[in-house]
Each structure stands twice: as structure tokens, then as C-alpha cells.
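Given the structure is predicted, the values throughout are model-derived calculations rather than measurements. Keep in mind that the numbers below use all heavy atoms, side chains included, and drop hydrogens, waters and symmetry copies. Here is how names work: the chains are called A, B, and so on, in the same order as the sequence lines, proteins then strands, and each is numbered from 1.
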Amino acid sequence: MAIHMERYLTSLLHSSLQLNQLKQVHTLIITNYPDLAPLFVKRLLGSSAIGYGRKVFDKIPQPDQFLYNSLVCAYSKLNLNEDALAMFSLMHRSGIRVDFFAVPPTIKSCLLLQDVDVGKQVQCLAINYGFDSSVFVQTALMDFYARHGDLVSARKIFDGIFIKDPVCYNCLISVYSKSGDTEAARRLFDDMTERTVVSWNSMISGYAQNGEYHDGLRIFERMLAEKFRPNEITLVSLLSICAKLGDLELGLRIMKYIDDNNLCSNMIVSTAILEMYVKCGAVDDARKEFDRMIRRDVVTWSAMIAGYAQNGRPSEAVELFELMMSENIKPNDVALVSVLSACAQLSLVEAGERIGAYIECQSFDSNVYVASALLDMHSKFGDIDKARQVFNKMQVKDIVSWNSMIVGLAVNGYGEEAISLYEKMKETTMRPNGITFLGLLTACTHAGLVKLGLEFFRSMKSDYGITPEMEHHACIVDIFCRSGRLKEAFEFICRMEVEPNAVIWGTLLNASRTNLNVELAEISLKKLLELEPENSGNYVLLSNIYASEGRWQEALKVRNLMKDKRVKKEVAYSCIAVNNELHNFLVGDTSHPEWNKVSSIVDELAIQLTSAGCDLNWDLERY
DNA sequence: TTAGGGTTAG
């Protein structure tokens with residue numbers, strides 16, 4: 001009878017009863033089954049009807065340690081950590097022996113409240129009661145110290161555990177992995193005589209999170225060899241390794257393994273599959289996985305939106321964001337970051353401004369990722385004032401925030417301000433990276449600061465140990481060219497430690513044409529023919545140069561070379577958003593419904609630009 | 001005790 005009734009009461013309390021219904025049940029029990037009343041209260045305190053449970057508790061003259069314990073556990077489980085601590089302290093003060101089972105949840109609440117002092121007091125109390133030899137209490141304490149970054153204390157507790165169960169090993173393995181010390185984690189793992197699936201998972205995810213992907217795969221193979229059955233968590237870690245490696249083939253093999261072994265999947269596994277596809281560039285397959293999913297949370301949605309935004313398909317990112325909103329799913333910071341980047345890529349000013357306003361009114365701009373993406377979008381829209389406002393309002397700034405502002409100022413023509421912002425950054429503890437210097441070099445290009453540009457180029461390597469990449473070299477070439485110092489640009493290219501690419505020779509070519517330097521134009525074009533034999537513009541230009549010099553034979557040779565190689569022009573297009581609608585313009589494509597109107601306006605603009613002194617011929621010839 | 005998504009340049 002009692003067991004039957006206990007089950008009934010438990011199921012009753014798990015159903016969502018209204019407060020008045022709860023009171024009725026309680027009254028019924030008191031009047032008809034007074035013996036069951038304490039049991040009802042005990043179950044009540046462990047249920048989600050904690051408010052009513054507390055009221056009943058307060059009316060009990062001398063609650064026993066079980067009742068106190070139930071309340072501490074319930075509060076801790078419901079994340080009501082202050083209440084959990086208060087109840088624990090009340091139990092202690094009322095002279096009742098502290099219940100052993102109340103200690104681990106109390107320590108967990110201290111952890112979540114980041115209250116180290118109270119945590120240590122609870123530990124002292126546990127020592128006084130002799131609970132500290134319990135592996136449950138010790139594991140909780142270990143976790144407590146580890147998450148406050150006190151690995152030494154955590155290890156001390158671990159070493160003091162007389163009979164160590166797999167749980168305390170697993171706990172410390174994940175602690176070491178999270179701190180980046182996979183070697184220490186591995187030593188513990190190897191010491192274990194009895195492992196659980198959690199041990200294997202902790203080790204695999206530890207390797208995955210620390211970029212040691214092949215070690216993660218090797219330990220997985222051993223897991224299979226030792227006949228352990230992987231679970232969803234194993235699969236998620238493995239798929240994330242495939243994503244990080246960009247190894248689609250391996251990802252597909254893992255998916256086949258899931259299929260062959262009938263391993264169950266869940267929403268997080270599907271999200272990991274989706275992400276694996278995205279990072280391998282298979283965006284359409286990611287979308288298929290997305291469409292197949294029965295349940296999708298905001299993380300799924302965000303992963304797919306980010307997938308589009310990162311793979312050069314921003315309009316689909318925006319479309320999916322709108323779809324998510326229309327399904328009444330509240331966007332989070334990650335979805336917002338991706339959609340801002342998509343709006344910036346597309347110059348979708350209206351949509352971008354609307355989302356920016358939403359971010360500010362929902363206070364999402366306190367997130368450093370969101371704020372950086374927002375300021376970058378404003379700067380790409382050319383609205384440097386708004387970009388500055390967002391930057392100045394930021395409480396926390398990371399290197400991306402600084403870089404976005406420096407680059408934004410540089411490309412919008414505020415070179416000097418970009419440089420002085422860098423000086424300001426140097427006063428903080430922030431260290432510049434390659435992108436910072438790209439911004440600074442761009443600033444020097446636009447402000448004509450040759451000497452300073454060369455100084456930055458030198459400083460990045462000697463002061464910060466950053467090896468200049470192709471783009472940094474291209475900036476220096478550009479700086480020389482724009483100030484008409486073509487010879488120095490050419491000498492710089494010849495001295496480069498890396499093989500110059502088409503952008504670099506293209507920059508020199510451009511400058512040689514405007515400066516009428518036939519010799520350098522010929523050199524750069526010959527290099528360009530080697531580097532991008534598909535680009536028809538290069539052949540046409542070289543042949544024109546020979547023709548203008550009267551070197552007809554050579555001109556003809558280049559033209560024939562182009563015919564032999566069957567070079568075709570690559571199709572380029574531009575796009576613009578008007579009233580939230582995207583319009584694409586392909587080269588030679590006149591299918592747009594308002595083509596005639598558009599074309600006449602372009603002609604008109606060309607006339608105005610030419611009369612204002614702009615030379616459009618070069619661009620028209622090359623593209 | 002173990003699991004999924006993000007911003008800057010080119």
C-alpha cells in the first residue's frame with residue numbers, strides 16, 4: 001500500500017498541478033491518510049512545486065535532516081543557489097546534524113555563485129563531520145576547486161581519495177583537458193584500471209578541444225578495439241574533429257558507422273553533422289541535414305545561418321534568419337553575429353540598421369562578438385560615426401574589436417585616426433596581430449605615409465614576431481606605387497621572401513600604366529600570364545602595349561597565344577539591395593526588367609565621372 | 001564526470 005501510494009504521490013507531483021489543486025490533495029491526505037503526510041511533504045520538497053513545499057516546511061515545528069536535505073537538493077537542482085546555501089546554513093544553525101547528501105549540492109551551488117569562501121567553509125564542515133572521506137563529497141570539492149582555476153587543490157583532493165572510482169578520475173581528466181594539459185589527462189586515463197564510456201569521451205573531447213585531432217581519433221580506435229560502444233557524446237566529439245580538420249571523407253565514414261551500428265542520434269548529433277558539412281564547404285548537404293531535423297533549437301538555426309554567412313552565401317543567411325524570426329524563435333547572439341556579417345557583405349543597409357536597432361534595445365551589444373560585428377557592419381556601410389559609437393560604448397574589447405575599428409577607419413579614409421587608435425591600443429595589454437598591421441598598412445596607403453608604412457612592416461616582425469604574409473607585402477607595393485615610387489616597388493617585389501602573387505603584380509601593372517612605364521608593365525604582365533593564364537584581360541593589355549610601341553609581331557603572338565589557350569572571360573556580377581529586394585547584374589546580361597533605365601543611368605554616371613577627371617578606360621579595358 | 005553554433009583582412 002505504502003509503496004503504491006508513494007509512486008502515486010510521486011507521479012502526482014510530477015504532473016503540473018495548480019497551487020489550489022495541490023492544496024486540495026494535501027488536505028485530502030491529512031484528513032484521510034495522516035500516516036502518509038510526512039511522505040507527501042518529502043516528495044513535495046523534491047518536486048518543482050518548491051514554493052508551496054517551502055510554505056509547508058516553514059510550518060513544521062522540528063523538521064528532520066531528511067526534510068532539510070530534500071530542500072537543499074531541490075533548490076540546487078532548480079538553480080536557486082542562494083536558497084540552497086541559506087537552507088544548508090539553517091540546517092547547520094538549528095543544531096541538526098548536517099545530512100551527508102546535502103554537501104555535494106551545496107558545494108555545487110557555491111561553485112555556481114562563484115563563492116569560494118563559503119565553499120571552503122562547507123569543506124571545513126564536511127571535514128568536521130568526517131564526510132570528507134566520501135568520494136561523492138571529494139569529487140564535488142575537486143570540481144569546485146578546478147573550476148576556480150585552483151588545479152593544485154583539486155589534485156590534492158584527488159590524491160587524498162583512498163578508493164578512487166571512475167567518476168573522480170573522469171572529473172579530473174576533463175579538468176586537465178579544459179586547462180589544456182592533455183598530457184596530464186592522458187596519464188590519469190592510462191592509470192585507470194576500470195574505465196567507463198565517460199572516461200573515453202572525456203579523453204576524446206579533451207584532445208578535440210585542444211587541437212590534438214589525430215590523438216583523439218587514435219584513442220577512439222582503441223575504444224572500439226576494447227569493445228566499448230560509443231554514445232551520442234562520442235559521436236559529437238568525433239564529428240567536431242572532422243569539422244576542425246575539414247575532412248569530409250572521415251565525416252562520412254563516421255556517419256556510415258552511426259548507420260551501420262544503429263547508434264541513435266539526437267539534435268546535438270545532427271547539429272554536429274551539419275557543422276561538419278559546413279566546415280568542409282558542403283553547405284548544401286548541411287542544409288539537407290537541417291531540413292531533415294525533426295526538432296531544431298536556436299543552436300541549429302545559428303549553425304546553418306553561420307554556414308551560409310561564412311561560405312560566401314550571405315543572402316541565404318539573411319533569408320534563413322528571417323525564416324527563423326517568422327517561426328517565433330528568438331535569435332541569440334550567435335545568430336545575430338552571423339546575420340550582421342551577412343548584411344555587411346551584401347550592403348543590406350535597411351535590414352542591417354533594423355537588426356542593429358533590435359540588438360541595442362535587447363542589450364545584445366554587451367556581447368563582444370555582437371558589438372564587433374555591428375561596428376564592422378556600420379563601417380562597411382560607410383557610417384563611421386555609428387561604428388565609432390559602438391566601439392566607444394564597448395566595455396570589453398578583444399583584438400577583433402580593435403582590428404575592426406582600425407581597419408574601418410583606414411578604409412573609410414581616416415588613416416591618421418586609425419594610427420592614433422593603434423597607439424592607444426598599445427597602452428593596453430592587447431597585442432596586435434597580422435590583421436592589425438594590415439589595417440595600419442592600409443591606413444598608410446590612403447594617407448600616403450610611405451616611411452611609416454615601412455616602419456610598421458619592420459615592426460610587425462621585429463617587435464611582435466609576426467611574419468608578414470602576402471597581403472602585407474601587397475600593401476607595401478601599393479604604398480610605393482601610389483606615391484609614384486615604382487622602381488622601389490619593383491625592387492621590393494624582387495626581394496620578397498615569398499613568391500609574389502597576381503595581386504602584387506597586378507598592383508605594379510596598374511601603377512605602370514598610369515605612370516606610363518612600359519618596361520615595368522611588360523614585366524608584370526608576363527608574370528601575370530604565368531600566374532593567371534585564364535584571365536583574358538592580361539593578354540589584351542600586353543598585346544595593346546606591344547601595339548602602342550609598334551611591336552606588331554609580338555602583339556600578334558600574344559593574341560594567338562590567347563586563342564590557343566581558349567581563354568574565356570570569367571563571369572563577374574554585382575548586386576544591390578533596394579527596398580529589401582536583391583538585384584543581380586551579370587556582365588552582358590540585360591534581362592533585368594528595368595535594364596534600359598539602369599543602363600541609361602550608368603551611361604550618365606560614366607559621362608559625369610569622365611568630365612570630373614576620372615579615367616575609366618583602364619577599368620573598362622581590363623574587365 | 002563527457003557533447004553542438006559566432007565577429008576582423010585577403
Side-chain angles (χ1 to χ4, degrees), chain A residues 135-136 139-140 142-143 146 165-175 177-178 185 188 195-206 208-209 230-241 243 266-276 278-279 286 296-307 309-310 317 331-342 344 367-377 379-380 390 397-408 410-411 433-442 469-475 501-504:
Chain A
V135 71
F136 290 101
T139 307
M142 223 167 69
D143 196 42
D165 68 0
V167 177
C168 62
Y169 269 102
N170 296 341
C171 181
L172 200 56
I173 288 174
S174 90
V175 162
S177 294
K178 286 209 176 85
L188 282 176
R195 297 186 187 99
T196 63
V197 66
V198 179
S199 321
W200 294 96
N201 288 349
S202 302
M203 207 56 239
I204 295 171
S205 80
Q209 281 161 12
N231 64 11
E232 293 94 331
I233 297 178
T234 327
L235 300 172
V236 168
S237 296
L238 288 171
L239 287 164
S240 108
I241 288 179
N266 62 19
M267 188 171 60
I268 300 183
V269 175
S270 296
T271 311
I273 291 173
L274 190 158
E275 179 63 11
M276 186 272 293
V278 163
K279 290 280 144 61
R296 303 182 195 109
D297 67 0
V298 69
V299 174
T300 305
W301 284 92
S302 308
M304 194 66 237
I305 294 168
Q310 290 164 4
N332 65 0
D333 42 4
V334 181
L336 289 166
V337 162
S338 299
V339 79
L340 285 175
S341 154
N367 175 300
V368 63
Y369 284 86
V370 176
S372 301
L374 186 61
L375 93 79
D376 173 65
M377 183 187 75
S379 116
K380 289 215 170 86
V390 175
K397 298 183 179 93
D398 65 5
I399 186 62
V400 177
S401 329
W402 286 96
N403 284 352
S404 302
M405 196 65 237
I406 290 172
V407 171
V411 298
N433 64 14
I435 298 174
T436 321
F437 282 100
L438 222 45
L440 291 170
L441 294 176
T442 308
E469 288 177 43
M470 193 67 76
E471 289 75 21
H472 300 103
H473 289 90
C475 281
N501 69 358
V503 174
I504 290 185

Which nucleotide in the list B:dT7, B:dG4, B:dT8 gets nearest to the side chain of A:D398?
B:dT7
So, does A:K380 get its side chain near the phosphate of B:dA9, meaning an N or O under 4.0 Å from OP1 or OP2?
yes
Starting at atom CD1 of A:I305, determine the distance to atom P of B:dG6, rounded to an integer number of angstrom.
12 Å
Please report, rounded to the nearest Å, how far the P atom of B:dT1 is from the OH atom of A:Y169.
18 Å
Measuring from the side chain of A:E471 (C-beta onward, heavy atoms only), which nucleotide among B:dT8, B:dG6, B:dG10 has the closest atom?
B:dG10
Measure CG/A:D333 against P/B:dG4 and give the value in whole Å, please.
16 Å
May I ask you to say what A:V407 touches in the nucleic acid, namely base, sugar-phosphate or nothing, with a heavy-atom cut-off under 4.0 Å?
sugar-phosphate
When you get a sec, tell me which of B:dT8, B:dG6, B:dT1 is the closest nucleotide to the side chain of A:K279?
B:dG6
Just call it for A:A272: base, sugar-phosphate, or nothing, with non-hydrogen atoms closer than 4.0 Å on any strand.
nothing
Looking only at side-chain atoms of A:E275, point me to the closest of B:dT8, B:dG6, B:dA3.
B:dG6
Do A:S379 and A:D376 pair up side chain to side chain, a donor and an acceptor below 3.5 Å, judged on atom types alone?
no
Would you mind reading off the distance between A:I273 atom CD1 and B:dA3 atom C1', rounded to a whole angstrom?
13 Å
Backbone of A:L336 reached by a side-chain donor or acceptor of A:D333 within 3.5 Å:
no
Checking all strands, does A:K178 fall into the base, sugar-phosphate, or nothing category for heavy-atom contacts under 4.0 angstrom?
sugar-phosphate
Separation of B:dT8 atom P from A:I399 atom CD1, nearest Å, is 14 Å
Begin from the C-alpha positions of A:V236 and A:I233 and carry the test side chain to side chain contact (heavy atoms under 4.5 Å, CB included) through to its verdict.
CA-CA 5 Å; A:V236 168; A:I233 297 178; 5.8 Å; no
Base of B:dA3 paired with side chain of A:N266 (donor-acceptor, under 3.5 Å):
yes
What nucleic acid atoms does A:N433 come within less than 4.0 Å of, heavy atoms only: base, sugar-phosphate, or nothing?
nothing
Between A:V175 and A:M142, does a side chain to side chain contact (heavy atoms under 4.5 Å, CB included) hold up when you go through it step by step?
CA-CA 9 Å; A:V175 162; A:M142 223 167 69; over 6 Å; no
Between C1' of B:dA9 and NE2 of A:H473, the distance in whole Å:
16 Å
Could you tell me the separation between the CG atom of A:N501 and the C1' atom of B:dG10, rounded to a whole number of Å?
9 Å
Reckon A:S372 touches a base, only the sugar-phosphate, or nothing at all at heavy-atom distances under 4.0 Å?
base
With a cut-off of less than 4.0 Å, is there a side-chain N or O of A:S341 near OP1 or OP2 of B:dT8?
yes
Would you check if A:E275 and A:L239 make a side-chain contact, meaning some heavy-atom pair closer than 4.5 Å?
no
Side-chain N or O of A:Q209 less than 4.0 angstrom from OP1 or OP2 on B:dT2?
no
Heavy atoms of A:V368 and A:S401 approach each other most closely as CG2-OG, 3.5 Å
Minimum-distance nucleotide to A:A373 side chain [options: B:dT7, B:dT8, B:dG4]
B:dT7
May I ask you to say what A:D297 touches in the nucleic acid, namely base, sugar-phosphate or nothing, with a heavy-atom cut-off under 4.0 Å?
base
Minimum-distance nucleotide to A:T271 side chain [options: B:dA9, B:dA3, B:dG4]:
B:dG4
A:Q310 near the nucleic acid: base, sugar-phosphate alone, or nothing, with a heavy-atom cut-off under 4.0 Å?
sugar-phosphate
Taking all heavy atoms of A:T300 and all of A:M267, pick out the closest pair and write down the distance.
OG1-CG, 4.3 Å
Which part of the nucleic acid does A:T139 contact within heavy-atom distance under 4.0 Å: base, sugar-phosphate only, or nothing?
nothing
Would you mind reading off the distance between A:L188 atom CG and B:dT1 atom P, rounded to a whole angstrom?
16 Å
From B:dG4, B:dA9, B:dT1, pick the nucleotide closest to the side chain of A:D376?
B:dA9
